[in-house]
Engineer: 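Take a look at this one; I'll ask things after.
For reference, positions follow the sequence shown, starting with 1. Both ligands and their constituent atoms are indexed starting at 1 by order of listing.
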Amino acid sequence: MEQTFIMIKPDGVQRGLVGEIIGRFEKKGFYLKGLKLISVDRSFAEKHYADLSAKPFFNGLVEYIISGPVVAMIWEGKNVVTTGRKIIGATNPAESAPGTIRGDFAIDIGRNVIHGSDSVESARKEIALWFPECPVNWQSSLHPWIYE
Ligand code: GDP
Ligand code: MG
């Protein structure tokens with residue numbers, strides 16, 4: 001089944017939003033397949049955001065991501081990449097709809113609480129980068145209650 005990489009950024013951890021955010025993905029019906037609290041260094045953060053290295057905000061973005069621990073997760077389910085981005089909301093919290101994570105908990109684009117992969121291909125790359133260890137393989141007993 002499809003997987004996505006979700007990261008609660010340092011502001012989300014510092015602000016005590018970890019449980020709230022995990023709860024939203026859990027209650028939707030997605031399965032948690034990887035989870036760790038981790039501090040990353042500059043070169044790792046630059047690798048994660050390599051596609052944005054030419055952007056004027058790149059250095060600030062890297063400083064932000066290395067400013068404290070983050071919660072790295074793998075979530076699994078049908079269309080989880082696209083639906084995960086909808087749960088997260090628009091990049092700029094000024095434009096994120098209420099009810100989305102960024103819409104409910106963020107104000108500035110440079111403190112937008114959470115990351116989610118933008119495609120199945122980038123999810124695959126990001127999961128490989130953040131979870132080089134073999135992720136735990138388990139199946140939820142809720143499956144027939146969530147999927148037709
Ligand atoms: P995302 O996929 O919605 O996270 O957005 P992007 O991949 O385009 O950008 C990655 C992250 O860089 C965003 O989540 C923001 O934290 C940050 N970012 C994007 N655009 C800007 C910007 O114009 N200014 C600043 N300061 N940060 C930005
Ligand atoms: Mg992105």
Side-chain angles (χ1 to χ4, degrees), residues 1-137 140 146-147:
M1 211 182 318
E2 188 170 300
Q3 294 187 330
T4 194
F5 173 69
I6 300 289
M7 171 188 44
I8 306 174
K9 295 177 177 179
D11 50 335
V13 174
Q14 290 286 351
R15 292 175 55 200
L17 297 173
V18 171
E20 169 75 34
I21 290 169
I22 289 176
R24 290 188 179 205
F25 281 85
E26 268 185 334
K27 281 179 261 185
K28 174 69 176 171
F30 292 132
Y31 304 142
L32 183 62
K33 292 292 176 105
L35 171 72
K36 58 186 175 186
L37 179 76
I38 179 178
S39 289
V40 298
D41 63 16
R42 186 174 302 275
S43 70
F44 188 95
E46 286 172 354
K47 211 181 232 181
H48 171 74
Y49 280 123
D51 290 352
L52 300 174
S53 61
K55 300 283 186 189
F57 57 83
F58 182 70
N59 284 336
L61 175 59
V62 169
E63 288 293 337
Y64 168 37
I65 296 307
I66 67 173
S67 65
V70 300
V71 173
M73 296 176 281
I74 302 168
W75 285 93
E76 186 177 282
K78 192 196 267 183
N79 293 323
V80 68
V81 170
T82 300
T83 305
R85 297 274 295 187
K86 287 182 186 161
I87 291 170
I88 288 171
T91 303
N92 187 345
E95 282 141 32
S96 325
T100 65
I101 291 167
R102 287 166 173 166
D104 289 349
F105 301 120
I107 292 175
D108 266 353
I109 193 168
R111 295 290 184 272
N112 63 357
V113 172
I114 184 167
H115 165 86
S117 307
D118 63 8
S119 68
V120 171
E121 177 57 17
S122 51
R124 195 191 55 72
K125 280 191 209 155
E126 290 170 1
I127 289 167
L129 176 66
W130 287 82
F131 289 90
E133 68 275 20
C134 199
V136 175
N137 188 24
S140 170
I146 295 170
Y147 292 93

Engineer: Just wondering, more than 12 heavy atoms not from Leu52 lying within 6.0 Å of its CG?
Structural biologist: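 Atom CG in Leu52 is packed in, count exceeds 12.
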Engineer: For the CZ atom of Phe131 and the CD1 atom of Ile38, what is their distance to the nearest 0.5 Å?
Structural biologist: 8.0 Å
Engineer: Give, for atom CZ of Phe105 and atom OG of Ser96, the distance between the pair rounded to the nearest 0.5 Å.
Structural biologist: 12.0 Å
Engineer: Rounded to the nearest 0.5 Å, what's the gap from CD1 on Ile8 to CD1 on Ile101? Could you check?
Structural biologist: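 Answer for the CD1-CD1 pair, Ile8 versus Ile101, is 8.0 Å.
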Engineer: For ligand 1, give me the residues whose heavy-atom distance to it is below 4.0 Å, by chain and number please.
Structural biologist: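 Protein residues near ligand 1 are Lys9, Tyr49, Leu52, Phe57, Leu61, Arg85, Thr91, Arg102, Ile109, Asn112.
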Engineer: Which pairs count as side-chain hydrogen bond (donor to acceptor under 3.5 Å, both in side chains) when at least one residue sits in residues 120-133, sequence neighbours excluded?
Structural biologist: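 Every side-chain hydrogen bond (donor to acceptor under 3.5 Å, both in side chains) pair that includes a residue of residues 120-133, provided the two are not neighbours, is Lys36-Glu133, His48-Trp130, His115-Glu126, Ser117-Glu126, Asp118-Ser122, Ser119-Ser122, Glu121-Arg124.
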Engineer: Applying side chain to side chain contact (heavy atoms under 4.5 Å, CB included) to Phe25 and Ile87, what does each step give before you reach the verdict?
Structural biologist: CA-CA 8 Å; Phe25 281 85; Ile87 291 170; 4.0 Å; yes
